[in-house]
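Since this is a predicted model, take the numbers as computed values, not measurements. Positions are given from 1, in the same order as the sequence printed here.
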Amino acid sequence: LVQEKTGLADVSSDEASDDKSENGFHKKYQRYDAIINKIGEFAKNAPPSVSVETEVIGHSVEGRDLLLMKIATPECK
């Protein structure tokens with residue numbers, strides 16, 4: 001069903017297991033938990049000159065948080 005609604009290409013298990021690079025994250029469908037972890041990783045590893053904030057802006061029909069990520073330099077805050 002997800003593939004039909006999103007038009008995402010099917011990814012075989014071999015491709016998914018071999019694709020561990022940073023760019024590989026964006027080449028396949030990611031589960032909610034993986035996306036939330038990636039957002040946290042990004043915020044934690046951001047350089048000191050960059051402000052990264054997340055804010056819950058609502059909830060999905062499953063009750064999951066919908067996050068807004070704000071990325072800015074101190075001058076733009």
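- Residues meeting the side-chain contact (heavy atoms from CB on, under 4.5 Å) test with Val56, sequence neighbours left out: His59, Asp65, Leu67.
- Residue Leu68 shares its hydrophobic cluster (ILVMFWY side chains chained together at separations under 4.5 Å) with Ile57, Leu66.
- Atom CD1 of Ile36 and atom CG of Asp33 lie 8.0 Å apart (nearest 0.5 Å).
- Here the closest non-hydrogen pair linking Ile35 and Phe25 is CA-CZ, 4.1 Å.
- Side-chain contact between Tyr32 and Glu62: absent, with no pair of heavy atoms (C-beta onward) separated by less than 4.5 Å.
- Rounding to the nearest 0.5 angstrom, the gap separating the NZ atom in Lys38 from the NE2 atom in His26 is 6.5 Å.
- By the 4.0 Å N-to-carboxylate-O rule, Lys44 lies too far from Glu41 to be salt-bridged with it.
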